[in-house]
Protein chains: 2
Amino acid sequence: MRTTPGTGRAAPTNRRITSYDVARAAGVSRSAVSLVLNGRADGVISAENQHAVRAAAKRLGYRPNRVARSLRDRRTHLLGVVTDVTSGPYGGGMITGATIRAAESDHLLLVMDARGRQQDEEAIGALLARQVDGLIIAPGSLCEWRPGEAFGQVPGILLDATDPDGRATCVVSDEVGGGHAATRLLLDAGHRDIALLTGLPAQVATGRRLAGHELAMSEVGGACRVITCGWDIDDGLREGARLLDGPDRPTGIVCANDRVAAGVMLAAARAGVDVPGELSVVGYDDDPSIAAQLDLSTIGLPHRAMGERAVELLLAAIAGQRLEPGELLVPAPVVERGSVRAR
Amino acid sequence: MRTTPGTGRAAPTNRRITSYDVARAAGVSRSAVSLVLNGRADGVISAENQHAVRAAAKRLGYRPNRVARSLRDRRTHLLGVVTDVTSGPYGGGMITGATIRAAESDHLLLVMDARGRQQDEEAIGALLARQVDGLIIAPGSLCEWRPGEAFGQVPGILLDATDPDGRATCVVSDEVGGGHAATRLLLDAGHRDIALLTGLPAQVATGRRLAGHELAMSEVGGACRVITCGWDIDDGLREGARLLDGPDRPTGIVCANDRVAAGVMLAAARAGVDVPGELSVVGYDDDPSIAAQLDLSTIGLPHRAMGERAVELLLAAIAGQRLEPGELLVPAPVVERGSVRAR
DNA sequence: CTGTTAGCGCATTCAC
DNA sequence: GTGAATGCGCTAACAG
């Protein structure tokens, strides 16, 4: 019986409704309440009492205490997320996708913002202490992340990151496919004289996109100029100008990202070269505040789908399925706009 | 004693370390472990035993189970967040700020993505079932949000949203101050012939920025053209062109946001009007992929500070402090770049 | 068909 | 100084 008042502890300011309150109101036992509310009552509890329980629960506004249930089940239905993506302008879509997919299975996201490997370890520790059922690590922008001590205590996934040792399960955008698709956009429009402005080699994405690009070129038996450029509008402006003023101007340029593409388009405008009339341009990222504005054909980053896939994998692993090491590639959507013209 | 094996329940796949394990390893009682690890041991537990406990805890990798603690304390140290901001490109900073400030006080964010009033109520219910200590509602982009039934069960704050009934505590950007500052940027540079391109009146921000603008103009005893424009680059392009081709061209234009400003600058370029030489332009939002690129002077959105303030207020409320109804205005940072020139 | 019991892991009395 | 007992709210097993 819990009729005795709390012993010596500070009295709760405003006690919440518990299953005991519902049981008393419905004139049944707590087990009956649990049975009814969890759908295990049929053939066990009389229809009459079932109704009484439901009515009482509703009237009282009873909400089963998930903390108590978690303690008992040794399962919190909580997914821990360590991320840096909320800071940046993009990538929030991963959180959105993850949240939504998780909610569909009655799971919630416990989010920690962290930057730097040291803090990551602490963050994971904090999440583990909260008894999260699984872990998602999303440091942002396809970086490398080497799992440490704490990672591995529960099922865990790397999101938009790769494990250099190849032991972890990673969900990443298909950069090779994206690079291939970007180039294919130009190839399929009949272009053969193509230049590629790549990002910085330090970034994982750069090499992969380049590989996809080369694959596409090899499919048509062609070759093209590859220029290490950078990620910013200035870089695109500089290299774009050089390309357009040079001896043999390409008819199409594949850019490292949309900012670079914007720079190229600006250079073209200055040089009096019409896009897409005389020059076709392809970007990457589908940057929300650039690509649509510039009517730029580009390759999107499937952030939301990545978040969804990560949660799906994680939930399966929590359910006991084995987590395969390696990378799960999420296809990058091709966004066709008006900056490419057939020739 | 818990020496008897679990009764009939599915055995935990990999039992975690509990305080009992630590106690046994250190040769003391569980209470001793609790006392030591919570800093209540001095003068109660021998230094020798204290050391033994700490050593054992470290060696075993003991992490106190926060779920159990939450159940006992009736306090989860969890802050529920209902938001839509992760979807959009901006506003993620609010989550970042909130996460960081919360973490400083050993609190974590439980995030639910929701759009639409109906789902909000459900989301809050789910969060309440998780026994969150407080609630933050951040529907995004300064909209109106009327608290429903569930809101109010625990301390709650509206973030980047206002309560039309004025009952809730809201944390919002100081839009009046921002509008004032934007105009002041031009006024202080000596401009008197100023045009204002406002956003759509349906948005709360529009009216407030306008009020700030008018306040600034009244300070110098001036008046100016106010033109309802919109939020996009096209709108800026259209209205900018009209203004520049018109009879008396202004020397400065305050824009609804950075996208509109970009449109205006584009119109200026087309009309052969030099910015800032012949025309000064001010934007709003400090849009990360526009403002810096265009060297645009603008007013920032203090997203991160807002998230921080919301958590601070919430934690204070959870600690027992009264939550004052009304709006807490977070100052909007003035970002001076090169698009304004003195005349 | 119902009510009682036990225990999830923790912190806190209160006897020893 | 320490250890046994208690209860947070819940559910599953078991005895009535």
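Below, read A as the first sequence line, B as the second, and so on, with proteins coming before strands; counting in each chain starts at 1. Below, each value reflects all heavy atoms present in this structure, side chains not excepted, and no hydrogens, waters or symmetry copies. This is a predicted model, so every value here is computed, not measured.
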For [X] and [N], is the shortest distance between a side-chain N/O and OP1 or OP2 below 4.0 Å?
X	N	value
B:Tyr62	C:dC10	yes
B:Arg40	C:dT12	yes
A:Asn38	D:dT11	yes
B:Arg69	C:dG9	no
A:Arg74	C:dG9	yes
A:Asn49	C:dT2	yes

Please give, in whole Å, the distance from [N] [atom2] to [X] [atom1]?
X	N	atom1	atom2	result
A:Asp42	C:dT2	CG	P	13 Å
B:Asn65	C:dC8	CG	C1'	9 Å
A:Ile17	D:dC10	CD1	P	10 Å
B:Leu35	C:dT12	CG	P	8 Å
B:Arg130	D:dG9	CZ	P	17 Å

Fill in: Any side-chain heavy-atom pair of A:Val172 and A:Val330 under 4.5 Å
no
Worksheet item: If you check every side-chain atom of A:Val44, which of C:dT2, C:dG9, D:dG3 has the closest atom?
Response: C:dT2
Practice prompt. Select one nucleotide: of C:dG3, C:dG9, D:dT11, the one nearest the side-chain heavy atoms of A:Arg30.
Written response: D:dT11
Discussion item. Mind checking if A:Val28 touches a base, just sugar-phosphate, or nothing, with heavy atoms under 4.0 Å?
Written reply: sugar-phosphate
Discussion item. Just to be sure I understand the rule, does A:Ile45 reach a base, reach only the sugar-phosphate, or reach nothing, if contact means heavy atoms closer than 4.0 Å?
Written reply: sugar-phosphate
Practice prompt. Please report the closest heavy-atom contact between B:Cys170 and B:Ala161, naming both atoms and the distance.
Written response: CB-O, 3.3 Å
Fill in: Intermediate values then yes/no, salt bridge (Lys or Arg N to Asp or Glu O under 4.0 Å), B:Asp21 and B:Arg30
CA-CA 9 Å; B:Asp21 299 313; B:Arg30 268 155 55 213; over 6 Å; no
Worksheet entry | Closest-nucleotide 5' rank along DNA chain D - winner of B:Ser46 and B:Leu71 | B:Ser46
Item to complete: With sequence neighbours left out, write down each residue that passes side chain to side chain donor-acceptor pair (under 3.5 Å) with A:Ser19, or none if nothing qualifies.
Response: none
Worksheet item: At how many degrees, to 10°, do the end axes of the helix from C:dC1-D:dG16 to C:dC16-D:dG1 meet when each uses five pairs?
Response: 60°
Worksheet item: Below 3.5 Å, does any donor atom in the side chain of B:Ser34 face an acceptor in the base of C:dT12, or the other way round?
Response: no
Worksheet item: With no angle test and no hydrogens, is the base of C:dA11 tied to the side chain of B:Ser19 by a donor-acceptor pair under 3.5 Å?
Response: no
Discussion item. B:Phe151: which residues meet the ring-ring contact (aromatic ring centres under 6.0 Å, His included) condition with it, sequence neighbours left out?
Written reply: B:Trp145
Are [X] and [Y] close enough for a salt bridge, meaning some N to O gap below 4.0 Å?
X	Y	value
A:Asp133	A:Arg74	no
A:Arg167	A:Asp163	no
A:Arg146	A:Glu144	no

